Amino acid sequence: MQLDSKIPAGALEDKWDKYRFKAKLVNPANKRKYNLIVVGTGLAGGAAAATLAELGYHVKAFCIQDSPRRAHSIAAQGGINAAKNYPNDGDSIWRLFYDTVKGGDFRAREANVYRLAQVSNNIIDQCAAQGVPFAREYGGMLSNRSFGGAQVSRTFYARGQTGQQLLLGAYSALSRQVGAGTVEMFARRELVDIVIVDGRTRGIIVRNLVTGEMERYAADAVLLATGGYGTVFYLSTNADSCNVGAAFKAYKRGALFANPCFTQIHPTCIPQGGDYQAKLTLMSESLRNDGRIWVPKDPADTRAPRDIPEDARSYYLEEKYPSFGNLVPRDVASRNAKEQCDAGLGVGPTGYAVYLDFADAIKRDGRDVIARKYGNLFDMYQNITDDDPYETPMMIYPASHYTMGGLWVDYELQTTIPGLFALGEANFSDHGANRLGASALMQGLADGYFVIPYTIGPFLADHGVSPVGVDHPAFETCAREAAERDRKLLAIEGRRTVRDLHRALGKVMVDEVGMARNAGGLNKAIGAIQELREEFWQNVKVGGEADNFNLALQKAGRLADYLEFAEVMALDALTRDESCGCHLREEHQTAEHEAKRNDEDFCHVALWEYAGFGNAPGFHKEPLVFENVELSQRSYK
Amino acid sequence: MGSDTINITLKVWRQKNAADKGRFETIAVNDVDSHMSFLEMLDTANEKLILAGKDPIAFDNDCREGICGTCGCVVDGIPHGPNKAMTLCQLHMRKFADGDVIAVEPWRARAFKVLKDLMVDRGPLDKIIQAGGYVSVNTGSAPDANAIPIPMEVAEKAMDAAACIGCGACVATCPNASAMLFVSAKVSQLALLPQGKPEAAQRALSMVATMDALGFGNCTNHKACEAVCPKEVSIVNIARLNREFIKAGVTSEAEVDLPLALVPAAEKSAKPRAASPEAPKPAKPVAQSTSGGMVLTGSIYILTFLFVLGFIWQSLASFL
């Protein structure tokens with residue numbers, strides 16, 4: 001397969017400018033003739049739908065929630081990065097670029113990341129103009145904080161609700177266009193197929209979640225901004241409706257899937273209460289700015305945390321990584337927590353938790369300052385656990401949180417299927433093998449506000465207005481196949497619920513394809529996933545009807561996708577016989593248990609091509625070329 | 001934090017679809033871990049219903065961390081249940097005792113149609129935002145973010161209002177099924193900030209008029225909204241909305257294009273279209289609105305009088 005990443009030639013800092021100058025433009029008068037579909041209305045999708053409509057395109061936007069204001073971007077807490085350098089502490093576009101490439105352990109494209117850093121500043125301007133109430137200093141200027149692994153203060157925030165406020169900003173821009181009639185909004189719709197005619201994307205089939213009906217929509221291009229696949233682990237911080245469905249349908253229709261094994265585990269979640277719980281509550285890792293992580297030195301020490309004296313505590317991150325301390329990247333913090341717990345030093349009823357302690361910060365800054373920074377997080381923690389973090393340390397444990405892998409896209413965010421684009425977490429492009437804190441919001445909004453509005457132009461200008469409508473036989477076929485799959489699922493009438501089988505899949509994924517992986521475990525996982533898939537198609541019990549709201553049926557469809565997709569994840573993790581970023585293969589570690597890359601053999605994007613149900617997928621590579629940064633062994637010592 | 005196991009009985013609203021009349025059903029839920037959240041309890045109850053070949057209870061939920069605003073039922077008569085300042089997903093079963101009978105109903109309001117069981121259509125809240133809950137700034141046209149300094153206390157007040165999650169509990173609890181707290185939160189946020197000032201008058205008039213047209217009632221100072229709001233959005237915002245509304249009606253040239261911003265779009269999408277069999281129906285206008293468009297200049301004086309009274313009352317209440 002010939003892959004063209006379409007990276008513009010020239011110096012890194014000139015690529016985006018030159019691209020925009022050379023890119024074909026669509027005549028303003030012609031823009032209204034184009035119909036664009038945007039699936040997903042989070043930061044990437046909401047921003048894209050609003051901006052494309054402002055430019056004059058006719059947009060149909062779809063979301064799985066009951067309102068575009070509820071996309072899971074809303075749950076991001078900590079902040080959004082930008083290279084504004086307002087604090088005058090040495091930040092620059094180049095530094096943000098470098099930190100992101102390095103944070104991704106040199107498995108992302110230089111050109112994409114540099115562009116991300118360039119437009120980061122525009123995002124802050126745009127959001128402030130929309131009325132996003134960012135935190136301010138007394139003089140009225142924007143406030144910044146240092147965040148997860150950064151040595152400069154480049155993170156903008158709105159209390160602990162930055163994702164909510166940015167999403168509501170994008171939602172307000174989108175609402176303005178809906179009110180103006182330039183965006184048609186379709187809520188409570190789930191994508192069930194992508195319609196391809198003669199190799200080009202022509203539309204989508206969606207399930208109307210309220211009526212169960214399969215609806216068809218045609219367009220000149222389709223943009224997927226459908227988020228990540230963290231819920232494959234069952235235990236995750238993602239919302240209930242997050243799923244791989246849309247991206248997986250694209251994959252089944254021929255789009256290549258990139259680096260599916262790159263998944264991020266977030267270090268600061270509230271530990272699981274019991275089997276019934278799938279959703280784990282994440283607390284912003286900004287907490288690590290002021291909280292100190294520790295465990296008792298003695299596994300037999302069962303005293304209440306406040307009764308354990310300083311010399312009986314192990315502040316293991318501060319001891320191991322003196323310059324970064326508690327601010328080491330997420331994967332390092334997560335793995336170290338697991339290591340401590342595996343060694344028997346964990347705390348709490350399950351033994352799978354570590355302390356995150358604010359006593360020193362409260363002593364230093366006062367309770368009011370800490371309350372202003374983290375008040376809502378502390379309240380949330382107290383409600384869930386019944387413990388007061390002002391008085392006693394929090395307990396935290398890592399959980400699946402974000403997926404760096406996603407649909408392969410070129411510099412224009414186009415997948416390998418012409419006319420199908422992927423934005424935000426749904427694509428693979430900017431974070432490499434690990435994402436830095438406060439960079440997900442940045443990438444979602446960059447793709448939506450400032451990248452796709454330019455990069456969709458050349459495709460539309462080249463291909464013209466689509467003559468294919470929803471009466472085309474391809475739409476008929478796709479809608480029928482989707483309805484048939486539903487009927488098949490309902491007819492199985494087995495003995496295990498969807499939730500029960502999802503829990504079983506999640507256990508396999510957490511144990512063998514989670515924070516640390518090895519060849520034996522991955523092979524075992526592949527076998528277990530295949531068995532579960534077989535059991536699912538023979539023994540699932542869905543219940544209810546196809547022509548009504550039926551959550552179990554929706555979830556059965558999503559789990560069916562996961563039972564195929566999980567195998568690709570495990571296969572990718574097995575094939576990438578190196579460690580990098582969040583992907584730790586136990587066979588490849590430094591003496592200090594850090595990820596040991598193999599740049600000779602694995603400095604590439606791994607791509608997977610669908611080959612039919614139950615068949616091993618095809619494998620391709622996009623080599624990664626680094627011309628501007630030197631590949632170094634990541635060390636946070 | 002030891003856990004207990006309790007047995008409870010749900011009296012839960014069951015309604016097959018919007019056309020169905022609906023009724024309460026009694027469902028016993030046994031062996032509930034007291035550390036479960038209320039929604040996790042419903043999940044486990046649904047597992048048992050599915051295995052027994054019965055229809056599970058439909059309820060809206062998503063993030064399960066209290067920020068997306070998707071979940072919400074009336075539990076024992078209170079939207080989001082007995083916890084103050086919390087969404088339903090944050091309610092835990094340790095709040096209940098063994099043997100409790102718990103009544104669970106959907107949001108009830110004229111503007112919110114019940115779709116199934118505990119799920120309602122809150123689309124009308126989106127329509128209110130579409131009528132003016134934004135700053136008209138196209139992507140790319142923004143000045144440098146620090147070009148407009150905003151005093152910290154103003155930013156903080158705006159953030160207090162912006163915390164609204166749009167769950168609709170305020171509507172569900174209001175005896176008039178008013179969306180005033182919801183509307184006032186957005187109007188306040190944007191009226192406080194310099195970015196929102198140029199459109200403040202138009203925004204206040206259009207959003208209120210749209211709220212009326214969609215079948216929401218008006219505010220008569222019961223303050224029930226504030227009491228149940230999971231984000232503790234204060235009714236001070238309603239006082240601020242009233243000030244903005246009166247200011248706009250009396251001093252500005254802005255005309256209310258209420259339904260002009262709303263109805264044509266709805267009518268347009270209500271036309272049969274191959275691709276969209278489930279087009280939203282235009283909302284039923286209420287008495288004080290006209291379907292073609294309401295220009296407030298006539299009724300504004302009466303409304304102004306009422307609002308001034310309400311404003312004085314509320315201002316007193318909030319400052320005393």
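Just so we're on the same page: letters track the sequence lines, and every chain starts at 1. These figures come from a predicted structure and were not determined experimentally. The figures that follow rest on heavy atoms only: side chains count, while hydrogens, waters and symmetry mates do not.
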- Student check: side-chain heavy atoms of A:Thr162 and A:Phe156 closer than 4.5 Å: no
- Just give me the residue among B:Lys54, B:Met152, B:Arg64 that pairs up with chain A most often, heavy atom to heavy atom, under 4.5 Å. B:Met152
- Heavy-atom distance under 4.5 Å to chain B: side chain of A:Ala552, backbone, both or neither? side chain
- Using a cut-off of under 4.5 Å on heavy-atom pairs, state which of A:Asn548, A:Asn122, A:Thr281 scores highest against chain B. A:Asn548
- Examine distances only and state if a side-chain atom of B:Ser34 and a backbone atom of B:Asp4 form a donor-acceptor pair shorter than 3.5 Å. yes
- Message: Among B:Ile148, B:Val135, B:Asp144, which residue has the highest count of heavy-atom pairs closer than 4.5 Å to chain A?
- Response: B:Asp144
- Can you say whether A:Val542 sits under 4.5 Å from chain B via the side chain, the backbone, both, or neither, judging by heavy atoms? backbone
- Query: Taking the side chain as C-beta and beyond, is there a heavy-atom pair between B:Gln195 and B:Ile150 under 4.5 Å?
  - Reply: yes
- Query: In terms of heavy-atom proximity below 4.5 Å to chain A, should B:Leu115 be classed as side chain, backbone, both, or neither?
  - Reply: side chain
- Query: Checking heavy atoms, do the side chain of A:Thr237, its backbone, both or neither come under 4.5 Å from chain B?
  - Reply: backbone
- Whatever's closer than 4.5 Å to a heavy atom in chain B on A:Gln164 counts as side chain
- Query: Of the listed residues (B:Asn17, B:Leu51, B:Thr139, B:Asn61), which shares the most heavy-atom pairs with chain A below a 4.5 Å separation?
  - Reply: B:Thr139
- Item | Test: B:Asp121 and A:Arg188 ion pair at under 4.0 Å | no
- Query: Looking at A:Arg499 and A:Asp275, does any basic side-chain N land under 4.0 Å from a carboxylate oxygen?
  - Reply: no
- Message: Quick check on A:Gln165 against chain B: is it the side chain, the backbone, both or neither that has a heavy atom closer than 4.5 Å?
- Response: side chain
- Note on the structure: Ranked by heavy-atom pairs below 4.5 Å to chain A, first place among B:Cys89, B:Pro143, B:Ala147, B:Ser136 goes to B:Ser136
- Select one option (side chain, backbone, both, neither) describing which atoms of A:Phe450 are under 4.5 Å from chain B's heavy atoms. side chain
- Look at B:Asp126 together with A:Arg69 and state whether they make a salt bridge at an N to O cut-off of under 4.0 Å. no
- Item | Proximity breakdown for B:Val120 and chain A, heavy-atom pairs closer than 4.5 Å | backbone
- Note on the structure: When the 4.5 angstrom heavy-atom criterion is applied to B:Pro56 and chain A, the contacting part is neither
- Okay, B:Asn46 and chain A: the region with an atom under 4.5 Å from a heavy atom over there is neither
- Of the backbone (N, CA, C, O) and the side chain (C-beta and beyond), which part of B:Ser141 lies under 4.5 Å from a heavy atom of chain A, both, or neither? backbone
- Evaluation steps, side-chain hydrogen bond (donor to acceptor under 3.5 Å, both in side chains), between A:Glu137 and A:Ser143: CA-CA 5 Å; A:Glu137 303 295 346; A:Ser143 174; 3.0 Å; yes
- Given side chains that start at C-beta, do those of A:Tyr171 and A:Ser67 come closer than 4.5 Å, heavy atoms only? yes
- Item | B:Gln189 portion near chain A, given a 4.5 angstrom heavy-atom threshold | side chain
- Message: Within the supplied structure, the quantity of interest is the number of heavy atoms (other residues, nucleotides, ligands) at a distance under 6.0 Å from A:Tyr276 OH; does it exceed 12?
- Response: yes
- Query: Side chain, backbone, both or neither: which part of B:Glu156 has an atom under 4.5 Å from a heavy atom of chain A?
  - Reply: both
- Taking atom NZ of B:Lys197 as the centre, does the number of heavy atoms from other residues, nucleotides or ligands within less than 6.0 Å exceed 12? yes
- Message: One thing to verify: whether B:Asp20 and B:Arg14 come together as a salt bridge, which I'm taking to mean a side-chain N less than 4.0 angstrom from a carboxylate O.
- Response: no
- Please state whether the side chain, the backbone, both or neither of A:Leu168 comes within less than 4.5 Å of a heavy atom of chain B. side chain
- Task: State whether B:Asp55 and B:Lys116 are salt-bridged, where the test is any N-O pair (Lys NZ or Arg NE/NH1/NH2 against Asp/Glu carboxylate O) under 4.0 Å.
- Result: yes
- Item | Side chain, backbone, both or neither of A:Gln161 within contact of chain B (heavy atoms, under 4.5 Å) | side chain
- Under 4.5 Å from a heavy atom of chain B, the part of A:Glu493 involved: neither
- Query: Can you tell which of B:Leu192, B:Thr44, B:Asp60 has the highest number of heavy-atom pairs within less than 4.5 Å of chain A?
  - Reply: B:Asp60
- A:Asn383, part contacting chain B, at a heavy-atom distance under 4.5 Å: both
- Message: Report which part of B:Leu190 has an atom under 4.5 Å of a heavy atom belonging to chain A: side chain, backbone, both, or neither.
- Response: side chain
- B:Thr70, B:Leu49, B:Leu193: which one forms the most heavy-atom pairs within less than 4.5 Å of chain A? B:Thr70
- Decide, yes or no, whether a salt bridge links B:Glu199 with A:Arg176 under the criterion of side-chain N to carboxylate O below 4.0 Å. no
- Given B:His35, which of B:Glu40, B:His92, B:Arg94 fulfils the side-chain hydrogen bond (donor to acceptor under 3.5 Å, both in side chains) condition? B:Arg94
- Query: Is the side chain of B:Asp62 donor-acceptor paired with the backbone N or O of B:Cys68 at a distance under 3.5 Å, no angle test?
  - Reply: no
- Task: Can you establish whether the number of heavy atoms outside B:Lys157 located under 6.0 Å from its atom NZ is more than 12?
- Result: no
- Checking B:Met119 against chain A: side chain, backbone, both or neither under 4.5 Å from a heavy atom? side chain
- Name the region of A:Tyr86, side chain, backbone, both or neither, that has any atom closer than 4.5 Å to a heavy atom of chain B. side chain
- For chain B, which of A:Asp240, A:Asp125, A:Leu55, A:Ile124 has the most heavy-atom pairs under 4.5 Å? A:Asp125
